[in-house]
Amino acid sequence: MNVTFACPACDRPARVHVHGPIAWQCPACDHRLQLEPHGEAKLTDCLVCGNHEMYRKKDFPHGLGLAILTLACVASVFTYGRYEKWLTWAILIGTAVFDGVLYLLVGDAVVCYRCGAQYRRLPQDATHKPFELGVAERYRQERIRRAQLQAEKKQGP
């Protein structure tokens, strides 16, 4: 499995191929992290932070998807303005079909709510649910509180 995560100490992006227990060291801050998968069958806990709440998403760059949609919309506006309705419908329907094919071809990634680590090339497993906004908001609030506490500690009494 491939793991993409940020260093817990300095937030530098890292990518590691994990096929067994591996000791990882950040090249920027020398922070050490032991990544030990519990088994090849399932990913139950995040290897980076140990969190058990993770979600499944499509492993597709959102920017590329938005660029395709924007290009189709702009092209259809121009063709509709030139009264070429069949070409306009062909562009819109063709883009929808292309989007459906991409959806079927692109694999899934599992993402940790707490640290944002992304796991790719995992076996298909239905234990990871799709993204839930309530859970993500809980972890976002947790990060905000942790940052506030760290800022208060630096300021002192």
Side-chain angles (χ1 to χ4, degrees), residues 1-74 92-157:
M1 93 179 77
N2 288 338
V3 183
T4 304
F5 62 97
C7 173
C10 68
D11 286 335
R12 181 178 182 187
R15 174 178 269 168
V16 178
H17 179 72
V18 178
H19 47 81
I22 186 171
W24 176 81
Q25 183 175 354
C26 180
C29 68
D30 292 331
H31 178 77
R32 295 175 191 268
L33 188 63
Q34 187 68 27
L35 302 173
E36 296 183 28
H38 300 293
E40 294 295 324
K42 288 185 180 181
L43 178 69
T44 57
D45 296 331
C46 178
L47 301 179
V48 178
C49 69
N51 186 30
H52 67 281
E53 290 187 294
M54 296 187 278
Y55 65 92
R56 186 182 69 242
K57 71 171 192 165
K58 282 293 182 184
D59 191 19
F60 188 76
H62 297 284
L64 179 59
L66 288 173
I68 292 170
L69 178 65
T70 303
L71 183 65
C73 289
V74 168
L92 294 175
I93 293 172
T95 304
V97 169
F98 181 65
D99 183 51
V101 169
L102 279 178
Y103 182 83
L104 294 174
L105 293 178
V106 172
D108 288 341
V110 175
V111 182
C112 175
Y113 279 108
R114 179 173 286 146
C115 69
Q118 298 182 5
Y119 299 88
R120 293 176 176 84
R121 296 188 183 151
L122 291 172
Q124 288 292 345
D125 189 14
T127 58
H128 301 292
K129 305 288 185 220
F131 180 80
E132 292 183 28
L133 185 58
V135 177
E137 181 63 20
R138 188 175 75 226
Y139 282 103
R140 188 183 76 84
Q141 292 293 328
E142 177 184 300
R143 282 190 297 275
I144 290 170
R145 284 193 301 272
R146 193 177 314 128
Q148 288 173 344
L149 288 173
Q150 287 176 352
E152 288 174 6
K153 284 181 183 179
K154 287 181 181 179
Q155 291 177 355

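For the atom pair Y113 OH and R143 CZ, the distance stands at 11.5 Å (nearest 0.5 Å). The distance from atom CZ of F60 to atom CG of L105, rounded to the nearest 0.5 Å, is 10.5 Å. Expressed to the nearest 0.5 Å, how far CD1 of I144 lies from CD of Q141 amounts to 4.5 Å. One finds the OG1 atom of T95 at 7.5 Å from the CG atom of L71 (value rounded to the nearest 0.5 Å). Between L66 atom CG and I68 atom CD1 the span is 9.5 Å, to the nearest 0.5 Å. Taken from CD in Q34 to CD1 in I22, the straight-line distance is 8.5 Å, to the nearest 0.5 Å.
Residues V16 and F5 form a side-chain contact, since some pair of their non-hydrogen atoms from C-beta on lies under 4.5 Å apart. The shortest distance between side-chain heavy atoms of P8 and H31 falls below 4.5 Å. R15 has its side chain within reach of R120: a pair of non-hydrogen atoms, C-beta onward, lies under 4.5 Å apart.
Residue Y119 forms a side-chain contact (heavy atoms from CB on, under 4.5 Å) with just one option from D59, N2, V18, V48, and that option is V48. Screening E53, H52, E142 for a side-chain contact (heavy atoms from CB on, under 4.5 Å) with R114, the sole residue that qualifies is E142.
Side-chain contact check for Q148 and E152: no donor-acceptor pair (N or O, by modelled atom type) lies under 3.5 Å.
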Which is it for N51 and Y139 under the side chain to side chain contact (heavy atoms under 4.5 Å, CB included) test, yes or no, and what are the steps along the way?
CA-CA 11 Å; N51 186 30; Y139 282 103; 3.0 Å; yes

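In terms of heavy-atom proximity, A72 sits nearest to L92 at O-CD2, 4.4 Å. Closest heavy-atom contact between R56 and D108: CD-OD2, 3.2 Å. Contact detail for M54 and H128: the closest heavy-atom pair is CE-CE1, 3.7 Å. Between A14 and W24, the shortest heavy-atom contact is CB-CZ2, 3.5 Å.
Dense packing is recorded around CZ of R146, with more than 12 heavy atoms of other residues, nucleotides or ligands lying under 6.0 Å away. Taking a 6.0 Å sphere around NE2 of H17, one finds it holds more than 12 heavy atoms contributed by other residues, nucleotides or ligands. The local environment of CZ in F98 is sparse, with at most 12 non-hydrogen atoms from other residues, nucleotides or ligands closer than 6.0 Å.
For the pair K58 and Y103, the cation sits on the ring face: its NZ or CZ lies under 6.0 Å from the ring centre, inside 45° of the axis.
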